[in-house]
Amino acid sequence: MGKEILSMQNITKVYPNGIVANNRVNFSITKGEIHALVGENGAGKSTLMKILFGLENPEEGEILLDGRKLSITSPNVAILNGIGMVHQHFMLVPSLTVAENIVLGSEPRKGKLFLDMDKAIIMAEDLAEKYNFDIDVRAHVKDIPVGTKQKVEILKALLRGAEILILDEPTAVLTPQETEELFKELIILKEKGHTIIFISHKLHEVKHFCDRITIMRNGRSMGVYNTKDVSEEDISRLMVGRDVILTVTKNKAQPKEVVLKVRNLTFVNEFGKKALDDISFSVRNGEILGVAGVEGNGQRELVETITGLLKCGKNKILIEGKDISVLGIKELRDLGISHIPEDRMTYGVAENLTIEQNLISNTYDKKELNNGFLMDMKKIIDTTVDLVKDYRIKCNSPKQTVKMLSGGNIQKVVVAREFATEPKLLVADQPTRGIDVGATEFIRTKLVELRDDDSAVLLVSADLNEVMELSDSLIVMFEGKIVAYFEDTDKITEEELGLYMLGVRKQTNEEIGGVVYE
Amino acid sequence: MNQLIDIIFSASFGYAVIRVTTPILFAALGSLIADRAGVINIALEGTMLVSALTGVAISAYTQSAWIGLLAAMIAGGLVGLLLAYFSLNLKTDIVLSGIAINLMASGGTVFVLYLIAKDRGISSSLPSLVLPKIQLPLIDQIPVIGAIFSNHNVLTYASLIAVLIVYIFLYKTPLGLKVRAVGENPDAADSVGISVIRVQYFALITSGVLAGMGGAYMSMGYVSWFAKNMTAGRGFIALAAEAMGGASPVGTFLTSLLFGFADALSNNLQSLSVPAEFIQTIPYIATIVGLVIYASRKTAQINKIKQQEK
Amino acid sequence: MSKNLRFDILRTALAIGIALFIALVIILFASKEPFTAISQLLIGPLGTVRHFGNVIEMTIPLVFTGLAVSIMFKASQFNLGAEGAFFFGAIGASIIAMKVALPIVVHPLVAILVGGLIGAVITGIPAVLKVKWGASELVSSLMLNYVALFLGLYLINYFFRDVNAGAMVSLPFLETANLLVLIPKTRIHFGIFIAAIMTVIAYYYLYKSKRGYEIIVTGENIKFAEYSGIKTGKVILMAQLIGGFIAGAGGATELLGMYTRFSWQALPGYGWDGVIVAILARNNPILVPIAAFFLAYLRIGADLMSRTTDVQNDVIAIIQGIMIVLIVATSFLSKYRHKMIFNEAKENLGETAKEGK
Amino acid sequence: ASTPAPTPAADVLKVVLILNGTLGDKSFFDSAAAGMQLIKDKYGDKVDVKTIEMSYDQTKWEPTLVDVSEQDYNVVVLGTWQMVDALQKIAPQYPEKKYIIFDTTVDYSKGDMGNVYSITYKQNEGSFLAGVLAAEVTKSTLPLANPEKRIGFLGGMDIPVINDFLVGYIEGALYVDKDMKVSISYIGSFDDSAKGKEMALAQYNQGADIGFNVAGQAGLGQLDAAKEAQKYAIGVDSDQAAIFATSDPAKSNLIVSSVLKRVDQSILRAIDMHMEGTAKYGEAENLGFAEGCIGIVKNDNYLALIPAEIQTKLTDLEAKITSGEIVVGSSFGMDTAALDKLRQGVK
Ligand SMILES: Nc1ncnc2c1ncn2[C@@H]1O[C@H](COP(=O)(O)OP(=O)(O)OP(=O)(O)O)[C@@H](O)[C@H]1O
Ligand SMILES: Nc1ncnc2c1ncn2[C@@H]1O[C@H](COP(=O)(O)OP(=O)(O)OP(=O)(O)O)[C@@H](O)[C@H]1O
Ligand SMILES: [Mg+2]
Ligand SMILES: [Mg+2]
């Protein structure tokens, strides 16, 4: 065990709305370890790390770096002291290129005055190559998929060569292969003497790669453990305070009629690239069809065309026999479509509105919530209070703005809203991203319940574990095409799936055609 | 109609377009820098007024037009600083801060004018100076071109150079990159150690300096005195020009020029038999039409891509 | 919550105090009778019924444009269309008031309705340009204000001008069109009721109806609104039409209540004032009358000061600016507030800890 | 009253001027304020004068008029047609107060207005001379004159008072030469001197070699334009050559003359009459050349630049107008169509 290099003592943080996010928390790390920080949604992990990185100021407590007392008043101070952080909600500038984002704040210069863009590109490319990330550094961030954005975030922190690297859920959108790759690098860093703080809700990662774990609950630290001394079950019990079942039990699906019919769907994006290439499949009620694939292989476009965010051609997508190309999103939703979007902060919520206002965005105009000209405020309060309770959204009251929620709780708001309408078709893009183990269990169970209540579910996820566990059948996407279809998810292995996802293998057209049911 | 064509194709008209464009261009560039840093500067109008007065007062006092210009730029920068203080430190809504500064500038300039010139309307009693005009060596010789482009006020050329400088600054320097990052996602900039507030201070002050040059041009080039409320809405036109130019330096330059063109046209058209009120609307209608064409071209491009999919 | 309210009141009071102190310093510098001046500024409007009436008279148009701007800003339509709508609404109402013979009561109401509809057209144009082609509403509304001005002047000057008048003004309104004066010795007119009704309707519409909900969601995050199925184009148009209607009706009301003929030669500036009012009121209709009253009180006090003492109008502009800035300054005392919250939270923690035992 | 009125010394005459606009217009508001100064200079301690700016917001005008009527002023001076309605309403309520209204007249048939004295000006007559002067200059062989018969008129806004100047100007020009062309521009503002300059330059570029500005502060742009284009200009209201005589002689030398509208003199004259007890309250007076309230500047510039025969002609015409031999048209009561016809006729 190395020596302690950083210690946070008695940290108390009260947000302006009176929420106590950290309550006399002690946290310390030793040189050269990978230290996991886990806890339920809203436990105060991000807050603690934001304090360490200078984004928030604590009311009480002190931070010692190498035994020296340090007051971290801004990220700049943190960076100067060798602390780097990867935020989960992206801290990227959309209109700038990947390379520009990576070098931002420590730009290479030509002479004294000018920006050396060529050098920046080379630096970014080298870095990406070194970590085996496949990124076009000249692309604009606004055009790249979430998974790539995540990689850019990681590269940003790595470029600065932080001694202490904080990673706030970096793996939520990575494939197992990419996660593996990342950890290889992290271990190299660790061997070079860097120290890593790692936040994740994926306990097997924690168990696999980390040396020690600090567990947080309700703003307090529940203690520090050596990873080898605790099992995944122990960790989740310490986090949640009860036993958590990590796998969902579900009966065999009873699929009935086709609800969603996608036929020969092609989508060309702004740059003239075929993001979707002649895709056909069907989803029936009573089944969950999983879509596996590495981010950026057309999943986002697929989801967005089905849910109406992107327009598609005539007779390409039919829901219960209706051509959706002529329908607006409103009409689609009225047909019974729900949608959990990939990017919760952009599409999923209006962060400055209250939880209540966010929870009714798909039902506000329904008869139940209206009394003639006016909305039925009492009814709205009742339904939202119920949802907050059901989905265990951690907040003071539903009148609190969404912005003040922790990442996982924001996700719960989205999920609660989209589930509550008991949709005919649910298009779920990574529904449990960033959600803690306890809540994940709950949401997965709910999803299966929805299925059993005859909803059709299209589940997109980069979390192989999740797709494999939840889906009844599965398709794999690669470069805008469907490359494989498995009627029964139980019959495949993760490794096999990985080969399809990386485009190494491809099924015959007949095999893939199985998902059309005609 | 022939008369109209004669007017438009005369060299003096081309010359007038450039002359009319100058103050708008300066202020629009000021608006651009602030906008790119995410801090909308509504106070351009007031800034121009303050600088126009400062230039006159200081040039009269020192008997140096250049010191007057410098003072005008400093004054503009100070107004920018004030706006920054209000909006970034006191956290007053920036639009409201801007409106308040305009209010204060319109009253304050008259107040100061009265103190120094004993006049509530115009500074003509002060022996203020104007900035020189510049004969462009070779271009001067070319027939029509020379008449249009040569012999403008030094600040007119400065405004054109400013377009280039702003362009280089924004896209080719580290600070420019920071400005763009701060404007688009301050959290992101903050997270890589950029001091958002400092960048925004810088942007507002620079914005003020640029608007200040526009103000100096008004009182030390365009005309040779300061008069109450002499900017007459040019600060707002500049805001419009910048927004219409898509917040890019070249776009802003073109839209400022478009506005200058329309304005010059309306100044020249009164000899035709159209009611004055109609002619006075020309610059504004031209701006709206220009805006729609510009914006609809963008949507058309997107539609075209969508067409291809089908 | 009540603690917060108390804090807000304290904060505002302190901000006003500081602003007044600065004002006093400026006045000391600019005036030989600073104390009369400051007392005129502060309590002058309370001096006589007539002067207090002046405050209310000025509050009325500010309420209209404040509401209009609030609704448009709520939809995140940052534009100044209220100015043009107010002006052109007044023109439309004037034409009805001059040329259409109608019975009393009906006449002003029709004129105000027409003014409102015309106002809606004025602010509707930037909305259409925005929704159809993505044209910036800031630019088009700013430009449209000038177009409205000159077009309005053209209409009045060429078709409705009173040739016997010594200035460029319209024919006088028909007697039936004038709004009733309610309180003798003042010019407080029936428009105050219209403003009050508009305020209540705007409040309920925005915060208690589904259409208002759509406006708020669209204004906060248009992508989220679209994703939720809200037809954002329609919502933006609607917000602009309603804003324009209120502003136009305001122009009409102001004219019929305070004037006997149309005589503006320039934009009256109530649109800009509406922006001030809306921001002071945080775009909340129910707070708009308070903000409007505040601004009107300040203005009338300033007028009285300049009329009765040697402080010039120009100085007043400076004082007004400072007051507005300080009162809206949100960071003011925020440290103190945070400490208060922190202590409270700590107290709560202590209690729960005890309960735990 | 809102303010406790200080007890006035018994024999001090308290005069207040209320302006429905702001000072600094270089036109009749400034001139009226100057009139107050003339009164103070002349009567010293015997008078107490005050000037109040009510700004351009019309809703403030009537309350202010009531305020000053309730206070202890003896004479209230105010101006412009826009104040007439309010005055007609207020004046009968305060019969012990005296009111002097300039640049317009109240309707004495609308109630008991024995305490109101109205002053109007024959600006069209002064402007007629400006038209004659301009036409003569453009036809002349003066160094900066061109052969084209075109003169300029730069108005602030298309409003009756400005057009009254215009009508006189056009008639004067046509009196000299039936084929005279007049470039007419309205700035649309009394503030924007930069735009004034642009429009004047446009007129000079179109062949005018002399222009007349009637646009307050905005009109000063024309003087800059004259200097830039090296053409002549005629000023208005005050002697505009004098404004720049020391600060910018090169500009001043191009201003051949200015049409004077002496609001200051007319107010002083009214107070003089008040002091003498000969004031014509209850009446309106139309002042012109004879009373020294309208005139055309004959300063050194004028004397040096303008050929003697033109000078004589102007003096003659002034006499003819004063005697009524020549009657100059006015825009007051002229409808828009007739005015348009007049304007189109000279384009
Ligand atoms: N900006 C804020 N304003 C007010 N409250 C906040 C804010 N950010 C976080 N909180 C609250 O502080 C508590 C801790 O939040 P934090 O983000 O640290 O949780 P977390 O452990 O990171 O949770 P998650 O796993 O969901 O991200 C939560 O109750 C949250 O609602
Ligand atoms: N882009 C953003 N805008 C506003 N607030 C944000 C943003 N990103 C994060 N937050 C806030 O910061 C806090 C921490 O969120 P973040 O997702 O980083 O925490 P986390 O611990 O990674 O959460 P989780 O475990 O749920 O993924 C939350 O309270 C969230 O509301
Ligand atoms: Mg978190
Ligand atoms: Mg997270």
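By convention in this document, chain letters (A, B, ...) are assigned in the order of the sequence lines, proteins followed by strands, and residues within each chain are numbered from 1. Because the structure is predicted, anything quoted here is derived from the model rather than measured.
- Heavy atoms closer than 4.5 Å to chain B are found nowhere in C:I319, neither backbone nor side chain.
- Looking only at heavy-atom pairs under 4.5 Å with chain B, the residue among C:S136, C:P126, C:A278, C:A148 that has the most is C:S136.
- Heavy-atom pairs under 4.5 Å with chain C were tallied for B:E242, B:M244, B:M104; the largest tally goes to B:M104.
- Of the listed residues (C:L129, C:I318, C:N157, C:L144), the greatest number of heavy-atom pairs within a distance under 4.5 Å of chain B belongs to C:I318.
- In this structure, B:T281 contributes its side chain and C:F150 its backbone to no donor-acceptor pair below 3.5 Å.
- Interatomic distance, CG of C:L326 versus CZ of B:F86, reported as 7.0 Å (0.5 Å rounding).
- B:D93 CG to C:R282 CZ: the interatomic distance, rounded to the nearest 0.5 Å, is 10.5 Å.
- You'll find the side chain of C:F78 reaches within 4.5 Å of the side chain of B:V95, heavy atoms only.
- Within the 4.5 Å cutoff, the side chain of C:L149 has no heavy atoms near those of the B:Y284 side chain.
- Separating the CD1 atom in C:I279 from the CD1 atom in B:I99 is a distance of 5.5 Å, to the nearest 0.5 Å.
- Within the 4.5 angstrom heavy-atom criterion, only side-chain atoms of B:I42, from C-beta onward, approach chain C.
- Minimum heavy-atom separation, C:V325 to B:A100: CG2-CB, 3.5 Å.
- Heavy-atom distances place the side chain of B:F259, and not its backbone, under 4.5 Å from chain C.
- With a 4.5 Å cut-off on side-chain heavy atoms, B:L96 and C:I276 count as touching.
- Here the straight-line distance linking atom CG of C:D273 with atom CG of B:L103 works out to 8.5 Å at 0.5 Å rounding.
- Only the side chain of B:I40 comes within contact range of chain C, with at least one heavy atom under 4.5 Å from a heavy atom of that chain.
- Looking at heavy atoms from C-beta onward, B:I237 lies in side-chain contact with C:Y146 at the 4.5 angstrom threshold.
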